[in-house]
Amino acid sequence: MLNPIRKFIELGTHNSLPDDINRRIRVVNMFSAVGMGLTFFLGIRALFAQDTQLACILLSASILFAISHKIQSTIGAKRGSFISAMVIIAYLMSLMIILVITGGNAGTGPLWIFTVPPVTMFFTGFRRGLFALTGFITIIIVLFAPDNALLATEYSYEFKTRLIYSFITISFLSAFYEYSRQRSYSTAMYLSEQFERQARYDPLTTILNRRGGQQQLEQELSRMQRNKKPFSITLADIDRFKSINDTFGHDAGDEVLKQVAGVFSSRLRAQDSLSRWGGEEFLFIFPETNEQEAKTVIEQIRENLSAEPIPLDGKSHRVTSSFGVCEISSSMTLTTALNLADQALYQAKNDGRNKVCTASLINSQK
């Protein structure tokens, strides 16, 4: 029994969607189910009570709630949930206006309008909700003209005024709750983004850290497995970085790291990524790029770095870096590729530094 209900409520949700969208989808599903079931039950009861007009209104509402659920399950998740939510609100407000005009069962129809404020605020948000509720209550006030000329039933002045005052009070409370919820959600999302950034980005160079670089590697590996196109990586190591720290101090070393990261980043394409792999070592990722293409880009980066002196201790100093390039194919693991790139980097160091060496060249020399 519970499993079909759970499936109905979860219909349209997905792990890849933001939590707020999934929550909206679940609420739309639940409200559609409750609205459909309740209006159907009340419509059948009105039918047995021989209140044909009320039965037709309620049964029509039940069908419309079912249609709103179908809209969400048919259209894409985010867009579908928004459209179905707007449809639900339009149906709900229209039904409430009809119940106010006709009086419903024994004149109790207007009491259902108290469902409008929380539902409207939840689905439309604070600002849109205020606008929609203002329009709705304005229509109700117009309908509650002193002589009841626009109504098919009679209400006392006391009933009408207290209904309006109560509705405004609930609308205010619903608006306050929705405003607080949106502020709390925005704050939570901001903090989450900040924590995520701290976890994935290097605070010194502002580029990805090792964790962020590892995630990028795994994403590129998944993409390569889908499209069967290889990609390349490059490990870079600043030449004689220890001597920079020993001679000028760690603050100067940090400044070199920032300057080098800036040069590396400025020469990359939009699809490429750069991370600080550890210490003075950097990792480049070149999606859908073979080894020779990656080497061409790295050569340009190497030349740009060596040609741009970095100010240290009031003087300009030439800083260089060595690079090891490796192309990753579908038959290769990330560990193997990183080892090959590291071997190529080691070879570049042995060849006199400020060099670019490829893994394929090392393999050909074995």
Could you see if [X] belongs to whatever hydrophobic cluster contains [Y]? Use Ile, Leu, Val, Met, Phe, Trp, Tyr and a side-chain cutoff under 4.5 Å.
X: V142; Y: V100; result: yes
X: I98; Y: L38; result: yes
X: I137; Y: F131; result: no
X: L143; Y: L92; result: yes
X: I113; Y: F172; result: no

Give the minimum heavy-atom separation between [X] and [Y], together with the two atoms involved.
X: A175; Y: L130; answer: CB-CD2, 4.0 Å
X: I97; Y: I139; answer: CD1-CG2, 3.9 Å
X: F123; Y: I89; answer: CB-CD1, 3.6 Å
X: M332; Y: A337; answer: SD-CB, 3.6 Å
X: S174; Y: P118; answer: OG-N, 3.6 Å
X: G253; Y: I244; answer: CA-CG2, 4.4 Å

For [X], does the [atom1] atom sit with more than 12 other heavy atoms under 6.0 Å from it, leaving out its own atoms?
X: F176; atom1: CZ; result: no
X: F40; atom1: CZ; result: no
X: R353; atom1: CZ; result: yes

Donor-acceptor contact below 3.5 Å, side chain [X] vs main chain [Y]:
X: T161; Y: E158; value: yes
X: R276; Y: G279; value: yes
X: T296; Y: Q292; value: yes
X: T108; Y: N105; value: yes
X: S321; Y: D237; value: yes
X: Y346; Y: G324; value: no
X: N209; Y: A199; value: yes

- Item | Pair Y157 + F144: ring centers closer than 6.0 Å | no
Is [X] salt-bridged to [Y], going by a charged N under 4.0 Å from an acidic O?
X: D239; Y: K349; result: yes
X: D254; Y: K258; result: no
X: E299; Y: R267; result: no

What is the distance from atom [atom1] of [X] to atom [atom2] of [Y], rounded to the nearest 0.5 Å?
X: I233; Y: L334; atom1: CD1; atom2: CG; answer: 7.5 Å
X: Y179; Y: R183; atom1: OH; atom2: CZ; answer: 4.0 Å
X: S330; Y: K228; atom1: OG; atom2: NZ; answer: 6.0 Å
X: S360; Y: K295; atom1: OG; atom2: NZ; answer: 8.0 Å
X: F264; Y: I298; atom1: CZ; atom2: CD1; answer: 7.5 Å
X: T39; Y: W112; atom1: OG1; atom2: CH2; answer: 9.5 Å

For a 4.5 angstrom cut-off between non-hydrogen side-chain atoms, does [X] reach [Y]?
X: R318; Y: S306; result: yes
X: M93; Y: T120; result: yes
X: E281; Y: D342; result: yes
X: T169; Y: F114; result: no
X: I44; Y: L59; result: yes
X: L235; Y: F282; result: no
X: L208; Y: L283; result: no
X: F231; Y: R223; result: no

- Task: Take F323 and K355 through the side-chain contact (heavy atoms from CB on, under 4.5 Å) test and state the conclusion after the steps.
- Result: CA-CA 6 Å; F323 303 85; K355 304 285 186 181; over 6 Å; no
In terms of side-chain heavy atoms, does [X] have a donor or acceptor partner in [Y] at a distance below 3.5 Å?
X: Q347; Y: Q343; value: no
X: S329; Y: S331; value: yes
X: R181; Y: Y177; value: no
X: R302; Y: N354; value: yes
X: T333; Y: T336; value: yes
X: Q219; Y: Q215; value: no
X: S243; Y: D246; value: no

- Item | Audit row: L217, L338, side-chain contact (heavy atoms from CB on, under 4.5 Å) steps and yes/no | CA-CA 10 Å; L217 276 175; L338 288 168; 4.3 Å; yes
- Task: Take Q194 and Q198, measure what side-chain hydrogen bond (donor to acceptor under 3.5 Å, both in side chains) needs, and give me the verdict at the end.
- Result: CA-CA 6 Å; Q194 293 303 306; Q198 290 176 7; 5.3 Å; no
- Worked verdict on D272 versus F284 for side-chain contact (heavy atoms from CB on, under 4.5 Å): CA-CA 7 Å; D272 303 330; F284 295 82; over 6 Å; no
- List the steps and the verdict of side-chain contact (heavy atoms from CB on, under 4.5 Å) for E308 and V263. CA-CA 9 Å; E308 295 183 17; V263 174; 3.6 Å; yes
- Message: Here's a test for you: under side chain to side chain donor-acceptor pair (under 3.5 Å), which of R269, Q271, E327, K229 qualifies with T289?
- Response: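 Considering R269, Q271, E327, K229, a side chain to side chain donor-acceptor pair (under 3.5 Å) with T289 is found only for R269.
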- Under 30°, 30 to 60°, or over 60°: which ring-plane class applies to F136 and F167, parallel, tilted or perpendicular? tilted
